[in-house]
Each structure stands twice: as C-alpha cells, then as structure tokens.
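Values below: all heavy atoms of this structure, side chains included; hydrogens, waters and symmetry mates excluded. Numbered from 1 within each chain, the chains take letters A, B, ... in sequence-line order.
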4 protein chains.
Amino acid sequence: MVGNSRPDRPASPRPAPRKRPRQARSRALVDAILDATARVLVRDGYAALTTNAVATMAGVSIGSLYQYFPNRDALVLALRERHSRQMHALIVAQMAGEEPGLAIMIARTIRAAMQAHRLEPALHKVLATEAAHLETHHEKDETEGLLHALLERYALGAHAVVTVPDLRVATFVVGRMAHALIHAAVIDPPPGVDPDLLEGETVRAVMAYLTAGRDAA
Amino acid sequence: MVGNSRPDRPASPRPAPRKRPRQARSRALVDAILDATARVLVRDGYAALTTNAVATMAGVSIGSLYQYFPNRDALVLALRERHSRQMHALIVAQMAGEEPGLAIMIARTIRAAMQAHRLEPALHKVLATEAAHLETHHEKDETEGLLHALLERYALGAHAVVTVPDLRVATFVVGRMAHALIHAAVIDPPPGVDPDLLEGETVRAVMAYLTAGRDAA
Amino acid sequence: MVGNSRPDRPASPRPAPRKRPRQARSRALVDAILDATARVLVRDGYAALTTNAVATMAGVSIGSLYQYFPNRDALVLALRERHSRQMHALIVAQMAGEEPGLAIMIARTIRAAMQAHRLEPALHKVLATEAAHLETHHEKDETEGLLHALLERYALGAHAVVTVPDLRVATFVVGRMAHALIHAAVIDPPPGVDPDLLEGETVRAVMAYLTAGRDAA
Amino acid sequence: MVGNSRPDRPASPRPAPRKRPRQARSRALVDAILDATARVLVRDGYAALTTNAVATMAGVSIGSLYQYFPNRDALVLALRERHSRQMHALIVAQMAGEEPGLAIMIARTIRAAMQAHRLEPALHKVLATEAAHLETHHEKDETEGLLHALLERYALGAHAVVTVPDLRVATFVVGRMAHALIHAAVIDPPPGVDPDLLEGETVRAVMAYLTAGRDAA
DNA sequence: GATGAATGAGTTTTCATTCAT
DNA sequence: TATGAATGAAAACTCATTCAT
C-alpha cells in the first residue's frame with residue numbers, strides 16, 4: 001500500500017546517496033493524511049470524519065494514522081493549523097512591497113485576504129463552523145496583528161487620515177467587518193450579487209468607516 | 001404494540017375532564033426537551049449532544065423524547081427554530097413605532113438586533129457555528145428581509161441619502177457587516193474594548209458605508 | 001531482503017577484529033531487554049507489558065527485540081527463567097557447608113530462601129501472580145527438590161526427629177508453608193508486624209510441624 | 001434474545017400483580033453477565049476475557065453489558081466481590097454453633113475454609129493469580145478478621161493453650177500458613193499426595209505452631 | 001402516551017508483528 | 001544484524017433508536 005516499489009535507478013555512480021529517509025517519508029504520510037482529512041471534511045462534513053474514513057481516503061492504514069496523530073481531533077487541529085499557515089503566508093507575501101497610502105494598503109490587504117480565502121473556500125468554511133469548538137487560536141489572531149500594525153502606521157503621523165480615535169477599536173471593527181465581507185464574498189457568495197463587485201464594496205466599507213466624519217468632525 | 005391491553009375506563013360521562021391536557025402536556029414536554037437541548041449544547045457542545053443526555057437533563061424518558069422528535073437532529077433544528085423565532089419577535093417588537101430618518105432607523109435596528117443576540121448569546125454562538133450545517137433557513141434570511149425593506153424605503157425617494165447604487169448589494173453588505181459586529185460585540189467581545197462602545201461603532205460603520213462618497217461622488 | 005546492496009568493505013586484512021563481538025553483543029542486548037521487561041513489569045504490571053514499551057525502555061529497536069525473542073510471552077518466560085536461576089543459585093550457595101542437625105538446616109534453608117526472595121521482591125511478586133499462567137516449571141519445582149532431599153536425609157536414620165510419617169506429604173506441607181510465610185514476610189509484609197521476627201516464626205512453625213506430637217505420640 | 005416470551009398466565013384474577021420489574025430483571029442480567037465472566041475466565045484465562053466474549057457467553061448484547069459495568073475490569077472486580085461474599089458466607093455459616101476448645105475450633109475453621117475453596121476452585125485460582133493486580137481488598141481481609149477473633153478468644157483466659165506471645169503475629173502466621181495449605185490442597189493439589197489427608201495435616205501444622213514449645217518453654 | 005432496558009452497528013484506539021531498507 | 005515505519009486484526013466503548021410493558 002505504501003510500499004511503492006519505486007524501481008531503483010539503473011546502476012549509476014550514485015555520487016551522494018543522501019538517503020533522505022525518515023523525515024521525507026513521514027512528511028509525505030502526514031501530508032497525505034491531512035489532505036485526506038480535508039477531503040473527507042469538505043465532502044461529508046465533520047460528523048462523518050471518522051479516523052477510518054480518513055485513513056482509507058489517504059490510502060494509509062489506520063495504524064499509521066495513529067502513529068502521527070494521537071486522536072481524531074488532533075487531525076482537525078493539525079489541518080486547521082496547516083490551512084492557517086498557508087493562508088497567512090499568502091497574505092504576507094501579497095502585501096510585500098513599498099507602502100503607499102492607506103487606501104491602497106487597505107485595498108491590497110483585503111485583496112490579499114480574499115485570495116487567501118480562495119485558496120480552499122470549502123475547507124475554510126467547514127473549519128470555521130464545524131470545527132469551531134476545537135480550542136481557539138484561529139488564524140484570525142495573527143492576521144489581526146497584521147491589520148493592527150497597518151493601521152498603527154497610518155493612523156498617526158503626517159497622512160493621518162484615520163478618524164477613529166481608539167486604534168484597538170478600529171482594528172477590531174475593521175477586522176470583523178472585513179472578515180465577514182470576505183467570507184460572504186468567497187465562502188458563501190450571495191445568489192444575486194456579483195462576487196467581484198464585493199471586493200470593491202468591502203474596501204469602500206472599510207475606508208468609509210475609517211475616514212468617516214472627517215467632514216462631520 | 002401488542003400489549004398495552006389496559007382497558008380504557010368505560011365510556012363514563014367524564015364530568016369535568018379539566019381540558020387542555022393533551023396539548024398542554026405535550027407543549028410542556030417539548031419545551032422541557034428543547035430547554036435541555038439548549039443547556040447541553042451550551043455546556044458540552046454539539047459533539048456531546050446525545051439524546052440520552054438531553055432526556056436526562058429534561059427529566060424525561062428517552063422514549064418520550066422520541067415521541068416528539070424523530071431523531072437527534074430534529075432536536076437541534078427545532079431548537080434553532082424556536083430560538084430564531086424568539087429573536088425575530090424581539091427585533092420586530094423593538095422596531096415598531098413611527099419611522100424617522102435612516103440614521104435613527106439603522107441605529108434602532110442595530111440596537112434591536114443586539115438585544116436579540118443578548119437573549120441567549122452562548123446558545124446563539126453554538127447554533128451559529130456547530131449547528132450551521134443542519135439544513136439552511138437561518139434566522140438571517142428573515143431578518144435580512146426586514147433590512148432590505150428598510151433600506152428600500154430610505155434609499156429612494158426624497159431623503160435618499162444612500163449612495164450605494166445596487167440595493168441588493170447594499171442590503172447584503174450592511175447585513176453581513178452589522179451581523180458580524182453584533183456577534184463580535186455580544187458573543188465574543190474583544191478583551192480590551194468596551195462592548196457598549198461597539199454598538200455606536202456599528203452604527204457608525206453602517207452609516208459610513210451607506211452614505212460614503214456623497215461628497216466624493 | 002532484496003535491497004541491502006551495500007557492498008561490504010572489500011576483503012581487507014582486518015588487523016585485530018577484537019573477537020567475541022557476536023556472543024557478547026547478543027548477551028548484552030538480551031540482558032538489556034530482560035532488564036527492561038522486569039522494569040516495565042514491576043512498574044506497570046503484566047497487562048501493560050507491551051513489546052514496544054520494553055524495547056523503548058531497553059533502548060533497543062523493536063526489530064532487535066524480535067531478533068532475540070519470538071513473541072511477547074517469550075520475554076516473560078525468559079525473564080522468569082533468569083530470575084529463578086538467580087534465586088536458585090543463591091539458595092544453593094547459601095546452603096553449602098557442613099550439615100549439622102535438622103533444626104539448623106531448616107533455619108539455614110529458610111534464611112537462604114528469604115535472602116533469595118529479597119533479591120527482587122517486586123519482580124518476584126509480579127512473576128508469581130500475573131505471570132503464573134505462562135506454562136509451568138516454576139522455580140518451586142527445583143527448590144522443592146532441595147527441600148525433599150534435605151528432609152529425606154534427616155527424617156530417617158539415627159537422629160530421626162521428624163514425626164510426619166509420609167515424607168512426600170511432609171515435603172509438600174513444609175514447602176508450601178515456608179513459601180507462603182517467606183512470601184508474606186518479604187513480598188507483602190503485614191503492617192503491624194516486625195518482618196525480621198517472621199523469619200524466626202517461620203522456622204518455629206516448620207519445626208513445630210515436623211516434630212509435633214513426639215510427646216503426644 | 002432477552003425477550004423471553006414467557007406466555008402470560010391464562011386470564012386469572014391476578015390479585016396482586018406486584019410486577020417485580022426493574023430490580024429482578026437487572027439482577028438476572030447482572031448475574032448472567034458475572035456467570036459468563038467466570039466461565040470465560042476459567043475456560044480461557046484473563047487474557048482472553050474480552051467484553052464481547054463475556055456478552056456473547058451471557059447471551060446478552062454488548063450494550064447491555066456496558067449498561068451495568070463501566071469497563072472490563074469492573075466485571076472482574078464485581079465477580080471477585082461476589083465470589084468472596086459467597087465464600088465468606090459459607091465459612092461463617094459453617095463455623096456457627098457452640099464453641100468447644102481451640103483444637104476443635106481450628107479444625108472446624110480450616111474445614112470451613114476448605115469447603116469454601118471447593119465452591120469454585122478453578123475460578124478462585126484465576127482470580128487469585130491473574131486478577132491479582134486489580135485493587136486489593138481480597139476476601140483475606142475479612143476472613144483474617146474471623147481468625148483473629150478466634151485466636152483472641154482462646155489465647156487468653158483459662159484454657160490459654162496458645163504459646164505464641166504476639167497475637168498479631170500468630171494471626172498472621174496462621175492465616176498465611178493455613179491459606180497456603182488450603183490452596184495447595186484444593187486449588188492445585190499435589191500429584192502424589194492424598195488431598196483429604198492434607199486437611200488433617202493443615203490442622204496439625206497450625207496446632208503445632210500455636211502450641212509449640214509449651215514443653216520446651 | 002410514557003418508560004427505560006436492550007440492542008448492535010459503528011467508532012476509536014491499541015499493539016503484536018512484519019519487512020524493506 | 002539493526003532499525004522503526006507500517007500494518008491491520010482485534011478490543012473497548014458509545015449512543016441513536018426500538019419496543020415490550
């Protein structure tokens with residue numbers, strides 16, 4: 001099953017065998033198991049996520065599954081961790097580069113977050129709902145940190161266009177607002193609304209909130 | 001099915017049967033069961049919601065539970081239904097009265113929704129996440145209808161302060177945005193932020209979005 | 001089986017192979033494994049004695065364990081064998097020397113047996129109870145032989161102080177009696193009784209039985 | 001399976017139905033399960049004592065087994081408890097009656113204990129060895145109490161024939177000695193020795209110990 | 001209708017043992 | 001020989017659901 005009888009390369013000099021054993025093998029197995037977990041989760045939901053189903057889908061014996069994961073929940077936890085890491089990495093990558101004004105940065109951030117959510121929308125949805133009871137430490141925490149830093153940089157100083165007095169509040173409100181709209185757009189898009197249009201609206205909403213009342217103030 | 005040969009008392013006049021037993025009894029039982037479901041759900045989460053646990057907590061036999069609910073999920077579905085009805089009723093009640101300008105109506109609506117979420121925050125959270133996969137028809141749908149009607153009334157006509165062109169989009173965006181912020185405020189309030197302050201911020205955010213760019217346009 | 005094509009270094013002179021590797025290595029491994037078995041057995045009991053636990057505790061791979069022991073029970077069997085040999089050797093050693101009267105010999109024998117039981121009391125207890133079902137041939141058999149020979153020598157002849165008519169019966173009774181008291185004294189000593197005192201009592205009991213009724217007869 | 005379609009008695013007056021339900025049923029089931037446990041234990045040993053095997057042998061579903069016993073060990077614990085109770089009851093019953101001298105009482109006690117061990121020798125053996133690691137509180141404790149009381153009554157006073165100074169020690173030594181010999185006689189009788197003869201020898205050994213040295217003192 | 005004992009399919013989890021490297 | 005990842009049969013245990021009373 002895992003044997004995988006890869007035909008030994010023909011008798012070449014084999015300069016540096018560098019056997020790449022332990023680690024590489026385990027990695028592959030662990031990844032296969034997590035992939036299977038994701039697939040079962042997306043296809044059948046959390047309730048149907050049995051360890052046997054995962055092992056079967058991964059083409060791995062149930063024993064191997066337990067070699068790497070102590071129990072069923074550890075599976076989901078690890079998957080969520082991996083998924084979060086991937087999303088976070090994507091966001092960070094897409095936000096790199098010179099830093100123009102707030103509006104552009106907000107737009108760029110929201111776009112990045114949307115991209116990240118498009119990575120595995122179905123999986124993200126299941127993890128966000130059915131796996132919600134498994135400890136905390138969502139990706140939210142880290143991503144919110146990014147947002148906070150961003151606002152901090154633009155809330156003060158020369159181009160301080162932000163009108164919200166308390167930065168914590170602003171971060172929180174913007175974070176939730178944007179997150180909800182991104183989810184809405186990517187995860188369960190509304191039937192009669194153009195999803196692409198929603199990206200712009202999200203930016204609009206966030207900017208409106210952040211700079212509102214400048215005139216009214 | 002075969003047994004149960006206890007002969008019903010012979011057709012006597014039955015002077016004052018003290019009516020309403022049937023209905024009232026069932027009602028009381030059903031409610032007790034749903035209450036128990038809510039308690040177990042809040043205390044232990046959806047995964048630990050066993051029919052026996054519910055029956056025990058309700059002080060009812062497991063057999064009686066199945067007399068009124070065909071299976072486990074029906075329990076949660078009915079609870080969600082009941083909870084939604086209660087929330088919706090509260091919102092409708094609080095929104096009654098003459099209709100002033102948009103800002104006031106939005107504020108009132110958001111306040112009403114917040115009140116509704118304060119009805120059973122913990123239960124609401126569990127239902128919104130762990131029970132999200134059980135069929136659709138969330139309370140959202142109905143409440144969103146309310147919102148749509150509201151915006152419709154103010155988006156057009158004389159005092160058309162709303163700058164968002166597509167009403168569907170506006171309804172959607174405002175609905176998600178407000179919902180997220182209300183949830184955030186009531187269900188998992190941020191550690192360092194004053195929850196009461198968030199109500200105002202929610203109104204601010206919604207209004208900012210709806211009326212943004214009036215000057216920029 | 002198929003792989004393993006690592007070419008053994010070409011037939012070089014191999015100056016001083018430092019003989020005895022094979023045997024000595026195996027010995028060391030086997031002993032390490034048996035030690036680990038004993039430790040796990042004492043710490044966690046027979047039920048928790050897993051081959052993996054033993055291998056880990058021995059600092060040996062599970063594969064190596066199976067190189068030397070065909071299965072789990074063989075482990076315990078071998079350990080019991082080793083333990084019995086050690087005990088028996090100690091008893092034999094301590095009983096050497098000239099042979100005075102019966103009373104002295106009995107005392108010496110009991111003392112020797114007590115010493116032997118003090119070798120590994122905890123291990124002895126586990127082996128005697130939880131491993132009792134694994135085949136027969138306990139150390140008892142051999143030790144009982146010693147006892148029988150001893151009684152035989154003193155039961156008849158000039159100084160025949162023994163009043164028990166059937167020697168087999170006497171051997172049996174004395175064996176069980178002494179064994180029980182030794183176990184009691186060494187393995188689970190009674191809370192309020194001085195353990196050292198019990199050695200004397202054991203001798204007293206045995207002698208009383210063997211010589212009882214001399215006057216009454 | 002358990003249905004047990006006992007044909008309802010013909011339409012008799014049925015004076016007092018006294019339905020005897022709950023308790024009686026459970027009792028029967030629990031007893032059936034314990035009986036099955038004993039049978040499996042005796043037939044196949046502790047290692048083969050699986051909950052499924054017990055349930056099958058008892059003619060009961062695995063679910064029912066777990067309705068009454070929280071886990072496998074509880075099964076054995078309860079069985080040992082029951083067995084001990086039975087043995088103890090038998091001993092107490094057989095020791096009733098007027099109380100003659102020490103020798104007779106000792107003889108009677110040992111006979112009673114032997115009878116008790118003959119109740120279920122095979123089961124007793126398995127419980128004493130393979131189930132030894134499951135908590136303590138063996139029947140020994142209670143029976144030893146009986147013995148202690150007995151010796152107390154005869155060690156002092158007019159007919160104080162007992163020469164052992166410390167009563168605790170005497171109780172302990174006699175208890176262990178007798179227990180070992182009874183076990184030996186009933187549980188694993190020696191091949192070449194007449195089991196019946198061993199009862200007398202046990203009495204002899206105990207009496208010899210208790211009264212030894214009267215002349216020597 | 002009400003009860004709760006009984007059921008058993010379905011899950012999780014363990015661990016002795018194998019075998020490719 | 002040594003290693004330890006992989007295997008999978010077998011066990012323990014759960015819980016939705018039924019049904020005789």
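Using a 4.0 Å heavy-atom distance criterion, A:Phe69 is classed as making no nucleic acid contact. Here B:Ser64 lies in heavy-atom contact (under 4.0 Å) with a base. Within the 4.0 angstrom heavy-atom criterion, base atoms lie near A:Thr51. Here C:Leu75 lies out of heavy-atom contact (under 4.0 Å) with every strand. Contacts of B:Leu65 with the nucleic acid, taken as non-hydrogen atoms under 4.0 Å apart, are absent.
Atom CG of B:Asn71 is separated from atom C1' of F:dT18 by 14 Å (rounded to the nearest Å). Following rounding to the nearest Å, A:Arg72 (CZ) and F:dT14 (C1') show an atom-to-atom distance of 12 Å. Atom CG in D:Asp73 sits roughly 10 Å away from atom P in F:dA12 (whole-Å rounding). Distance A:Leu29 CG to F:dG4 P: 17 Å, rounded to the nearest Å. When the P atom of E:dA5 is taken as reference, atom CG of D:Asp31 falls 17 Å away, rounded to whole Å. Atoms CD1 (A:Ile62) and P (E:dT17) sit 21 Å apart, rounded to a whole Å.
Both B:Ala47 and A:Tyr68 lie close to DNA chain F; mapped to their nearest nucleotides by heavy-atom distance, the more 5′-ward contact belongs to A:Tyr68. The nearest heavy atom of DNA chain E to B:Gly59 and to A:Pro70 marks one nucleotide each, and the one closer to the 5' end goes with B:Gly59. Toward the 5′ end of DNA chain E lies the nearest nucleotide of B:Asn52, the other residue of the pair A:Leu49 and B:Asn52 mapping further downstream. Nearer to the 5' terminus of DNA chain F, by closest-nucleotide assignment, is the contact made by C:Gln67 (compared with the other of C:Gln67 and D:Ala53).
Atoms CG and CG, from B:Leu41 and B:Leu49 in turn, are 5.5 Å apart once rounded to the nearest 0.5 Å. For the atom pair OG1 of D:Thr37 and CZ of D:Arg72, the computed distance is 11.0 Å after rounding to the nearest 0.5 Å.
F:dA5: Watson-Crick or G-U partner is E:dT18, with both key distances under 3.5 Å.
With respect to C:Arg82 and C:Asp35, a salt bridge is recorded, a charged nitrogen being found less than 4.0 Å from a carboxylate O.
Residue A:Tyr66 has its side chain nearest to E:dT12 when only E:dT12, F:dT3, F:dA6 are considered.
Counting heavy atoms from C-beta outward, D:Phe69 and D:Leu77 have side chains that stay 4.5 Å or more apart. Between A:Val76 and A:Leu127, some side-chain heavy-atom pair lies under the 4.5 Å cut-off.
Dashed line: the shortest gap from a side-chain N or O of C:Ser61 to OP1 or OP2 of F:dG4 is not under 4.0 Å.
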